[in-house]
Novice: 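My questions will all concern the structure given below.
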Protein chains: 2
Amino acid sequence: MDSTEKKDIVSDGAEGRYDCIKLENQLCFPLYVCSKEIVRRYKPFLDEMGITYTQYITMMVLWERGSVTVSRLGECLYLDSGTLTPVLKTLEAKGLVVRKRSAEDERSVIVEATEAGMALREQAVTVPPRMGACVNLSQEDAMELYRILHLLIDNIGK
Amino acid sequence: MDSTEKKDIVSDGAEGRYDCIKLENQLCFPLYVCSKEIVRRYKPFLDEMGITYTQYITMMVLWERGSVTVSRLGECLYLDSGTLTPVLKTLEAKGLVVRKRSAEDERSVIVEATEAGMALREQAVTVPPRMGACVNLSQEDAMELYRILHLLIDNIGK
DNA sequence: TGAAATTAAATTGTGTACAATCTAATTGTA
DNA sequence: TACAATTAGATTGTACACAATTTAATTTCA
């Protein structure tokens, strides 16, 4: 059984030819699934805050940096204006951010958190501990994952 | 400098309180970025085939399994009918798949690749080698990443 | 057996993502 | 200094992704 199985893997040319496009042999697919599913897990916590995941990471940048231009925001989040413009309009409609044209360069739009936006930070700090429990990776695996993902991001950026 | 820096990290209470919601301390964010950016890298290759990433992974399941129901497809791809129905209609319009109601259970819809859909497999096998070059991870890191992502998927599924 | 519960897809509505294009402001340079 | 090139955002169009709801078929079980 062992030897025939081994033989199969090597000799089965018909199977081997398409191995590289099997779902289970992809690296991209589990990446895509993990991203999607973890964002989905965030939803109940973010619902409490009345924002979506994209809005959440946008607020993270504003909490950390105060005010930033749309283009800087795009660099931080790997998103373009086609995505950010509607997200920022939504956040503005919710009263969490304000947008204003830069005085020095009228092309740029400066975004910053309002008082309500900054206040949301207090609810936000309760999210990671609760998420961590549900991700449930060992410290070593989490660090390894972190390291490799950032390596990958650097490589993709070329 | 070293000691003051160390002291800062420990003593700066104002910063420390919000560390957990800094973008750089997230695990989910690089996951989200990697997924997005890698899918974007696939685009030129998939454009040659005339399909999108979601359509590509759908075809992978069909190439591998022959015919499957929409719900089985959803289990494989972690997608629901709200996403799959329009994707499958598009693939059908392109002549790559056919959909038919199951005879045994009229609720189920069976999807399978057409001849044109199966033929596309020949172009598909050229994609992973070309993508691999652009991802550029060591064999060890790729395997580690694969392992941890699947661990994560298992954990999230609870 | 027949009504209630369950299941499978489809539909609807909201919110991203991103390519491509457009407009307006700024910069570079001949 | 005009004018071409660049840059910043916004807009448009296409394609997911998912929650919630709906419809139709099948199962359960009182």
Side-chain angles (χ1 to χ4, degrees), chain A residues 28-29 32-44 46-47 49-59 68-94 97 99-111 156, chain B residues 28-29 32-44 46-47 49-59 68-94 97 99-111 156:
Chain A
C28 182
F29 179 66
Y32 158 86
V33 172
C34 281
S35 170
K36 238 164 40 75
E37 293 303 308
I38 291 182
V39 168
R40 214 154 66 83
R41 286 300 179 120
Y42 266 101
K43 193 173 185 303
L46 299 181
D47 278 348
M49 299 172 62
I51 59 177
T52 64
Y53 182 75
T54 312
Q55 292 164 20
Y56 177 60
I57 58 176
T58 301
M59 292 308 296
V68 288
T69 61
V70 172
S71 54
R72 163 71 78 205
L73 212 41
E75 286 164 20
C76 294
L77 300 176
Y78 293 78
L79 294 171
D80 69 6
S81 70
T83 302
L84 284 175
T85 296
V87 168
L88 294 171
K89 282 182 177 175
T90 304
L91 285 174
E92 191 169 42
K94 288 178 182 172
V97 310
R99 295 185 307 148
K100 53 173 190 266
R101 288 277 163 188
S102 163
E104 305 94 65
D105 187 338
E106 285 281 339
R107 290 172 305 178
S108 293
V109 167
I110 295 170
V111 185
I156 295 169
Chain B
C28 182
F29 178 66
Y32 159 85
V33 172
C34 279
S35 170
K36 237 165 39 77
E37 293 303 308
I38 291 182
V39 168
R40 213 154 65 82
R41 286 303 181 116
Y42 266 101
K43 193 172 184 307
L46 299 181
D47 279 349
M49 297 170 62
I51 59 177
T52 64
Y53 182 74
T54 313
Q55 292 164 21
Y56 177 58
I57 59 176
T58 301
M59 292 306 298
V68 289
T69 61
V70 173
S71 53
R72 162 72 79 207
L73 212 42
E75 286 164 21
C76 295
L77 300 176
Y78 293 78
L79 293 171
D80 68 6
S81 68
T83 302
L84 284 174
T85 296
V87 167
L88 293 172
K89 281 183 177 175
T90 304
L91 285 174
E92 191 170 42
K94 288 177 181 173
V97 310
R99 295 185 307 149
K100 54 171 189 270
R101 289 276 162 189
S102 163
E104 305 93 65
D105 187 339
E106 285 281 338
R107 290 171 305 178
S108 294
V109 168
I110 294 170
V111 184
I156 294 170

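Here is how names work: the chains are called A, B, and so on, in the same order as the sequence lines, proteins then strands, and each is numbered from 1. The shown structure was predicted, so the numbers you read here are calculated from the model rather than taken from an experiment.
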Novice: Once you round it to whole Å, what is the distance between P of C:dA8 and CG of B:D105?
Specialist: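 Between P of C:dA8 and CG of B:D105: 8 Å.
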Novice: What is the distance, rounded to the nearest whole Å, between atom CD of B:E92 and atom P of C:dA9?
Specialist: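 Distance check: B:E92 CD to C:dA9 P gives 14 Å.
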Novice: Would you kindly give the CG-to-C1' distance between A:L88 and C:dT16, to the nearest whole Å?
Specialist: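 Distance check: A:L88 CG to C:dT16 C1' gives 13 Å.
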Novice: Which is it for A:R72 and A:E75 under the salt bridge (charged side-chain N to carboxylate O under 4.0 Å, His left out) test, yes or no, and what are the steps along the way?
Specialist: CA-CA 5 Å; A:R72 163 71 78 205; A:E75 286 164 20; 3.1 Å; yes
Novice: Whole angstrom is fine here: how far is it from NZ in A:K36 over to C1' in C:dT16?
Specialist: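 Going from NZ in A:K36 over to C1' in C:dT16 covers 14 Å.
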Novice: Any donor and acceptor pair, going by atom type alone, linking the side chain of A:R101 with main-chain N or O of A:R107 inside 3.5 Å?
Specialist: yes
Novice: Name the residue closer to the 5' end of DNA chain C, choosing between A:Y78 and A:S102 according to the nucleotide with the nearest heavy atom.
Specialist: A:Y78
Novice: Give the intermediate values and the outcome of salt bridge (charged side-chain N to carboxylate O under 4.0 Å, His left out) for residues A:E37 and A:R40.
Specialist: CA-CA 5 Å; A:E37 293 303 308; A:R40 214 154 66 83; 3.0 Å; yes
Novice: Checking all strands, does B:L84 fall into the base, sugar-phosphate, or nothing category for heavy-atom contacts under 4.0 angstrom?
Specialist: nothing
Novice: Rounded to whole angstrom units, what separation is found between the OH atom of A:Y42 and the P atom of C:dT16?
Specialist: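 These atoms are roughly 16 Å apart.
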Novice: When you get a sec, tell me which of C:dC18, C:dA8, C:dA25 is the closest nucleotide to the side chain of A:T83?
Specialist: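 In terms of side-chain proximity for A:T83, the closest of C:dC18, C:dA8, C:dA25 is C:dC18.
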Novice: Let me spell it out: for each of B:P86 and A:T54, pick the nucleotide of DNA chain C with the closest heavy atom. Which residue's pick is nearer the 5' end?
Specialist: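 First, find each residue's nearest nucleotide; the 5'-ward one identifies B:P86.
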Novice: Decide yes or no, distance alone: a donor-acceptor N/O pair under 3.5 angstrom between the base of C:dA10 and the side-chain of B:S81.
Specialist: yes
Novice: Looking only at side-chain N and O atoms, does B:T69 offer a donor or acceptor that is under 3.5 Å from a partner on B:S71?
Specialist: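 Yes, side-chain donor-acceptor contact under 3.5 Å.
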Novice: In terms of relative ring orientation, are B:Y32 and A:Y53 parallel, tilted or perpendicular, with 30° and 60° separating the classes?
Specialist: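 Taking A:Y53 first and then B:Y32, their aromatic rings stand perpendicular (interplane angle over 60°).
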Novice: May I have the distance from B:R72 (atom CZ) to C:dT7 (atom P), rounded to whole angstrom?
Specialist: 16 Å
Novice: For C:dG15, does either OP1 or OP2 sit under 4.0 Å from a side-chain N or O belonging to A:Y53?
Specialist: no
Novice: Using a 4.0 Å heavy-atom cut-off, does B:V39 contact any base of the nucleic acid, only the sugar-phosphate backbone, or nothing at all?
Specialist: nothing
Novice: Nearest-nucleotide wise, let me know which of A:E37 and B:R107 is further upstream toward the 5' end of DNA chain D.
Specialist: A:E37
Novice: How would you give the extent of chain A contacts on DNA chain D, as first and last nucleotide 5' to 3' within a 4.0 Å heavy-atom cut-off?
Specialist: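 Listed 5' to 3', the contact boundaries are D:dT7 to D:dA19.
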Novice: With side chain to side chain contact (heavy atoms under 4.5 Å, CB included) as the test, pick out the partner of A:V97 among A:V111, A:T58, A:V87, A:T90.
Specialist: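 By the side chain to side chain contact (heavy atoms under 4.5 Å, CB included) criterion, A:V97 pairs with just one of A:V111, A:T58, A:V87, A:T90: A:V111.
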Novice: Backbone N or O of A:G50 within a donor-acceptor pair of the A:K94 side chain at under 3.5 Å?
Specialist: yes
Novice: Choose from C:dA9, C:dA10, C:dA17 the nucleotide whose nearest atom is closest to any side-chain atom of B:R99.
Specialist: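 So the side chain of B:R99 is nearest to C:dA10.
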Novice: Using whole Å, report how far CD of B:E106 lies from C1' of C:dA10.
Specialist: 15 Å
Novice: Tell me: CG of B:D80 to C1' of C:dT11, nearest whole Å?
Specialist: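 So the two atoms are 12 Å apart, to the nearest Å.
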